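Step one of this worksheet: look at the structure below.
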Amino acid sequence: MALIAAEGLGVRFGAVQVLHDVSLRIEKGEIVTLVGPNGSGKSTLLRCLIGVQRPTRGRILKAAGLRVGYVPQKLHIDATLPLTVRRFLDLPHRVPEAEARAALEEAGAGHVMGRQMADLSGGQFQRVLLARAILSEPDILMLDEPTQGLDQPGAAGFYQSLEAIRGRLGCAVLLVSHDLHVVMSASDRVICLNGHVCCEGTPAVVSAAPAYRELFGTGTKGALALYRHQHDHADHAAHPHHHHHEEA
Amino acid sequence: MLESFLVRAALAGVGVALAAGLLGCFVVWRRMAYFGDATAHASILGVALSLVFGLPVTLAILVVAGAVALLVFVLTDRSLAADTALGVLAHGALGLGLFAVALTPGPRVDMEAFLFGDVLTVGRGDLLLIWGGAVVVALVVWRNWGLLLISTLSPDLARAGGMDPRRASLLLALMLAGVVAVAIQVVGALLITALLIIPAAAARNLATTPERMAFAACAIGAGAALGGLGLAVAADAGVGPATVTVALGAFAVLTAAGRLRRG
């Protein structure tokens with residue numbers, strides 16, 4: 001059975017129908033990227049899935065005892081709240097020192113343990129949020145535009161950490177991306193959202209889909225393409241290194 | 001030893017300051033200063049009710065402050081035009097309360113004790129209530145520390161972790177109402193928010209973690225209560241205003257020192 005599924009989901013804010021008739025399922029261990037233009041309801045859908053937003057219609061089904069690791073899009077920390085990275089990882093439950101250190105290392109932020117959260121750079125902050133999310137060994141990680149504000153090497157590095165974490169934990173990953181043209185190469189599926197599910201499939205299938213082209217392809221007059229980052233792992237060294245571009 | 005009214009006043013001040021220091025951190029972190037004002041002002045309506053119905057004052061204040069706390073909880077939870085609604089609620093209750101007190105038959109009631117506090121008249125029963133309340137607040141905060149902190153940081157993170165951030169809001173609202181009700185006698189309705197906010201704001205300069213800030217706020221609050229009592233006796237002034245004055249001094253010194261240290 002699916003880890004989490006939405007059936008016929010609809011969300012209305014006043015007169016605005018943000019989502020209508022959205023159905024999706026996420027299976028154990030798969031990586032799903034959710035793309036869509038601004039205002040397409042991506043964050044609202046994610047908030048429904050984690051249980052923050054109550055849908056107006058439809059329902060959310062979760063596997064029993066599902067553990068969700070959530071990386072929010074933005075986390076404002078009030079200047080009056082002193083909070084070290086180490087202490088943040090203890091929320092809501094205290095974790096042993098070794099586990100905290102391992103999670104930070106795995107998320108690629110091993111060196112910021114003693115720093116104040118308010119003093120971190122954007123990239124460090126995202127990695128600390130990721131570290132906290134994996135401490136509970138979640139069945140599914142949900143990330144809301146985690147690479148926003150990162151440059152392309154930064155985003156690629158973040159995705160690599162995420163892939164390694166998925167490899168170890170075997171958790172599913174649901175990633176909301178603001179960037180329509182760069183999706184994580186390891187995505188098993190891309191779901192293209194614009195109030196409803198326009199199209200879904202492997203990155204290649206979606207980039208070729210008429211609905212995707214209509215949404216994202218024509219406006220750029222071919223200047224932008226769905227770009228799949230093919231990073232060079234050491235174990236891929238035998239293969240010729242190349243970056244693979246596909247015209248949308 | 002408890003016969004001495006000064007000792008009772010000191011114990012009452014420290015007890016209230018400890019509870020207020022702890023909860024005051026959340027008031028500062030969550031930007032709930034309005035909440036202290038709303039419940040404190042409404043407590044004057046509680047005074048009026050106690051006169052009309054012959055109820056014990058603290059009980060009447062507790063009931064009204066609790067009701068206002070719940071109302072505020074519902075209003076802010078639905079994120080209506082909360083600011084205006086709270087203003088109407090708080091100041092409307094204050095005006096209505098003062099008006100109702102003036103209308104009650106019998107000798108004219110001196111409202112100054114309720115507005116500015118009168119800690120020198122604290123009795124043994126009051127002390128029991130204050131310290132009992134402080135212990136309950138400390139226990140509830142300690143048991144729910146993780147929930148309170150993560151809900152303060154981000155309600156979404158709390159919910160994703162399977163916790164209910166509204167539970168945190170409700171707990172804080174009810175505890176604040178309780179502290180306000182017992183603190184009326186010590187600092188008065190007009191200065192309760194100061195006792196909540198100033199020690200916590202002063203403690204921010206000393207702390208690198210939320211726990212240290214909470215401890216420091218309690219210590220600064222207790223120090224201000226004792227110092228304020230001494231200052232009031234020496235200067236023949238009200239204890240509530242003197243306590244707030246001492247706390248303000250601590251805030252000024254610590255903030256200046258914090259600035260200097262950071263360069």
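Only heavy atoms go into these numbers, but all of them, side chains included; no hydrogens, no water, no symmetry mates. Keep in mind it's a predicted model, so treat the numbers as computed, not measured. Proteins get letters first, then strands, A, B, ... in listed order; numbering begins at 1 in each.
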Please classify the contact of A/Ala133 with chain B as side chain, backbone, both or neither, using a heavy-atom distance under 4.5 Å. neither

Greater than 12 external heavy atoms within 6.0 Å of B/Tyr34's OH: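 Yes, OH of B/Tyr34 has more than 12 neighbouring heavy atoms, counting only those of other groups under 6.0 Å.
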
Extract all donor-acceptor atom pairs below 3.5 Å that involve side chains of residues 64-74 of chain B and protein atoms in other chains or at least two apart in sequence.
none

May I have a table of the donor-acceptor pairs connecting chain B and chain A at distances under 3.5 Å?
unit_1	atom_1	unit_2	atom_2	d
B/Trp29	NE1	A/Thr80	O	3.0
B/Arg31	NE	A/Asp78	OD2	2.6
B/Arg31	NH2	A/Asp78	OD2	2.8
B/Asp156	OD1	A/Arg47	NH1	3.4
B/Asp156	OD2	A/Arg47	NH1	2.4
B/Arg204	NE	A/Ala79	O	2.9
B/Arg204	NE	A/Thr80	O	3.3
B/Arg204	NH2	A/Ala79	O	3.3
B/Thr208	O	A/Gln116	NE2	2.8
B/Glu211	OE1	A/Arg87	NE	3.0
B/Glu211	OE2	A/Arg87	NE	2.5
B/Glu211	OE2	A/Arg87	NH2	2.4

Pairs of heavy atoms under 4.5 Å with chain B: top-ranked of A/Ile77, A/Leu81, A/Ile50, A/Leu66: A/Leu81

What's the spacing between B/Ile150 CD1 and A/Leu91 CG if we round to 0.5 Å? 5.5 Å

Tell me, do A/Pro72 and B/Leu157 make a side-chain contact under 4.5 Å, heavy atoms counted? yes

Pairwise side-chain contact, A/Leu83 with B/Pro210, heavy-atom cut-off 4.5 Å (strictly under): yes

